[in-house]
Amino acid sequence: MSKKLFFIFVLALWLLILGFGLKISAESDWQDKVVFCDVGEGDGILITSKKQKSIVIDGGPDNSILFCLGKNLPWSERRIDLLVISHPDSDHTRGAIEVLKRYKVLKILFSGALSDTQIFQELLTALEEEVKEGALIEEAVLGKTFDLENLKISVLLPKESFWQKKPNRDHQAMVVVLLKINNSLALFSGDLEKPEAEELVSNSQLPKVSLLKVPHHGSKNSLATNFYQALSPQIAVISVGKNNRYNHPHKEVLEYLTHQNIKLFRTDIQGTINCLPVNFSWHCQAEGDKF
Amino acid sequence: MFKNFSSYLLIIALLSGLYFPTFFADPISNSIYYPKPLLGGLGFGFFLVGIFTFRNLLGKLKPLILFSLGLLFTTIYNLNLPPFLEAGQRIQLEGWVYDSKEENNSTLLLVKEKELGRKILVILPRKNLLVGKNLAISGKTIMPSARFFRLIKSEGLRGVVLADSWQELGKSYFYFIFWLREKTINKIANLLPEPEASLAAGTLVGKEAIFDKNLKMQINKVGLSHIVAVSGYNFIIISNIVVALLKEFFGYLPSLFLSLPFILFYASLAGFSGAVKRAFIFVLLIILGKIQFRNPPALYLLLVCLLFAGILNPFMFLSDFSFLLSALATLGILSLGSWLKEKLQSSLPIPQFFVKTIAETFSASLFVAPITTFLFGQKFFLGLLINLLVVPLVPMIMLFTSLALLISLLLPHFASLGTFIAFPLPRLLLKIITIANQF
């Protein structure tokens with residue numbers, strides 16, 4: 001009996017030492033990168049930095065993002081510095097709720113716009129729980145910025161406050177954010193549609209970005225040519241599910257991107273896409289391909 | 001104390017049978033059914049008596065008569081199950097939720113009806129309902145779609161209801177266990193990243209793993225799907241731990257007896273699904289047999305267990321592959337395994353633990369090989385080798401995940417300590433799976 005207890009104690013101690021050893025080695029896993037997780041038909045993006053900061057933008061339609069986080073965050077990391085929820089559609093929010101349940105999220109950025117959907121009620125419940133655990137909820141509105149060491153996030157949309165208001169159109173209160181990591185810029189456009197995209201172009205000085213998350217999974221309604229012209233991205237990523245019932249991405253969007261010589265990555269074809277910031281630009285590759 | 005154990009069992013079975021009302025009416029079809037719990041109780045009682053008075057399959061007639069009686073009663077029980085609910089009827093029912101699954105925008109609830117004891121699949125708009133609660137549900141019966149057929153057969157469901165309204169009526173008697181199961185799974189999910197969390201939860205409480213398709217395929221291909229499900233092996237581990245802790249204070253047999261509530265609690269924690277019930281019954285029979293100061297003929301016990309499970313739900317033989325796999329693996333361990341263990345022990349100078357692991361893993365792998373090769377394209381020798389490496393890890397994963405849970409509950413500020421203890425072994429397991437899949 002005592003021998004067995006001693007054995008268990010030694011094994012536990014060994015595991016503890018092994019765990020600490022693995023943690024120390026895991027800390028070197030932090031790197032500056034943007035990961036477009038293959039979450040099926042939806043968006044789920046992880047941004048990490050060498051300074052041990054992490055941002056998640058949307059969570060996809062199910063819990064697939066958890067595997068992406070498990071793979072791309074150091075294993076002992078149970079904290080997310082900022083969670084951005086672009087809008088409360090289930091293909092962006094369901095996985096975000098799972099992230100809220102599993103990780104300690106320090107700040108949550110969302111528009112606060114009201115919705116009648118079931119998923120919105122579930123999101124509110126999850127947010128309430130997270131606030132009890134000490135999370136801060138920040139309203140997403142033009143001008144708001146977050147400085148996480150070398151990661152800088154600025155909100156470009158919505159322009160006006162939708163806090164506790166119901167938008168007239170479905171995607172009117174879309175949260176669009178600009179990321180600056182070292183000197184490289186990327187724009188995350190959620191399910192931005194043509195009217196809002198055109199409004200964004202006409203009302204503000206959009207910076208040139210080298211990496212763009214194509215709006216609304218490449219739907220036809222999202223194609224605003226002046227939006228692409230203003231941003232002039234070199235690389236575009238479409239986060240979309242294989243054989244999805246909406247036939248995303250639309251042929252016209254694909255043709256336009258090809259015509260503009262924008263290098264295209266698709267999660268339905270290439271799976272998870274990793275992008276590293278390199279000299280004011282980005283270097284993207286499918287997961288599994290070595291940089 | 002236990003000399004007349006079989007008589008006590010018969011009395012308990014009869015009393016529990018008589019406790020239930022003698023007949024009842026189905027409010028939907030207005031038919032009167034036989035008292036299923038009474039027949040079921042009697043049937044099970046006779047089964048147990050048959051087993052515990054059994055000495056020689058051909059030698060004595062009495063146990064065979066009892067066994068036949070058990071078979072007869074249980075068959076009547078099965079024949080008298082209410083028919084599958086026809087589609088298009090409005091229905092109101094009360095029952096408790098014994099399992100739930102979230103699927104896109106719906107929640108699928110497995111509800112055990114209060115009045116008739118039928119198991120019904122209820123489909124609701126997505127709702128976070130904790131399993132173990134009592135519900136009043138109103139809705140319409142529907143024709144089940146093909147994706148539910150396997151669930152209907154393996155769970156023995158009597159209908160599918162699309163609910164339009166429901167009301168919580170409080171907690172069932174089992175609520176605490178389901179609450180604890182949910183808490184355990186959530187805590188593991190908070191401690192570990194995916195897929196290590198699913199692997200640990202699957203090993204500890206048989207939580208249906210949420211692995212992505214690729215990993216699921218890899219696990220099946222190397223013959224490790226049994227690792228993430230609760231089987232008889234888990235119950236034996238629990239029983240062994242309890243006996244090891246208590247035998248110095250109470251002696252071996254009383255400790256074995258005292259391990260029964262622990263394995264019952266563990267079975268409840270594991271969700272009491274069909275597979276868990278089968279494993280539980282089998283281990284229960286073995287332990288009760290040992291308490292009787294007898295080594296029960298294990299093959300006979302397996303036969304009884306299979307018969308009992310099959311009579312209650314004959315579809316299991318046809319549709320439930322996990323049932324077939326666990327039956328074949330057990331058969332392999334009991335037949336070839338025991339013989340091989342003796343042979344190896346006399347010829348190889350290695351510790352008993354390794355001899356046991358090698359003999360049992362080899363025989364179980366050999367017996368399930370025809371099915372796993374056909375279903376998952378598993379390579380036999382690779383599966384065998386990987387199982388030999390992985391099987392000894394299972395009790396350690398269970399132990400250290402439990403330890404991590406304990407630390408995070410008692411010392412929440414040191415929860416990360418739990419992560420360090422619980423993480424390495426599931427990660428090692430995943431590494432083995434990944435490497436094995438490269439061959």
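Just so you know, these numbers use all the heavy atoms, side chains as well, and skip hydrogens, waters and symmetry mates. Residue numbering restarts at 1 for every chain, and letters A, B, ... go by the order of the sequence lines.
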Engineer: Check B/P193 against A/G70 and note the closest heavy-atom contact, atom names and distance.
Structural biologist: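 For B/P193 and A/G70, the tightest heavy-atom pair comes out as CB-CA, 4.0 Å.
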Engineer: Could you have a look at B/L191, B/N186, B/N190 and say which one has the most heavy-atom pairs with chain A under 4.5 angstrom?
Structural biologist: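 Most heavy-atom pairs under 4.5 Å with chain A: B/N190.
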Engineer: Let me confirm one number: the CZ-CD distance from A/R102 to B/E194, rounded to the nearest 0.5 Å.
Structural biologist: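 Between atom CZ of A/R102 and atom CD of B/E194 there are 4.0 Å.
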Engineer: Does the plane of the ring in A/W75 sit parallel, tilted or perpendicular to the ring in B/F420? Use 30° and 60° as the thresholds.
Structural biologist: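 Judged by the thresholds at 30° and 60°, the geometry between A/W75 and B/F420 is perpendicular.
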Engineer: Applying salt bridge (charged side-chain N to carboxylate O under 4.0 Å, His left out), which residue pairs with at least one partner in residues 32-49 of chain A are found, sequence neighbours left out?
Structural biologist: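 Residue pairs with at least one partner in residues 32-49 of chain A: A/D43-A/K213.
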Engineer: So which heavy atom on B/P195 is nearest to which on A/F67, and how close?
Structural biologist: CB-CE2, 3.6 Å
Engineer: Counting heavy atoms not belonging to B/F262, are there more than 12 under 6.0 Å from its CZ?
Structural biologist: no
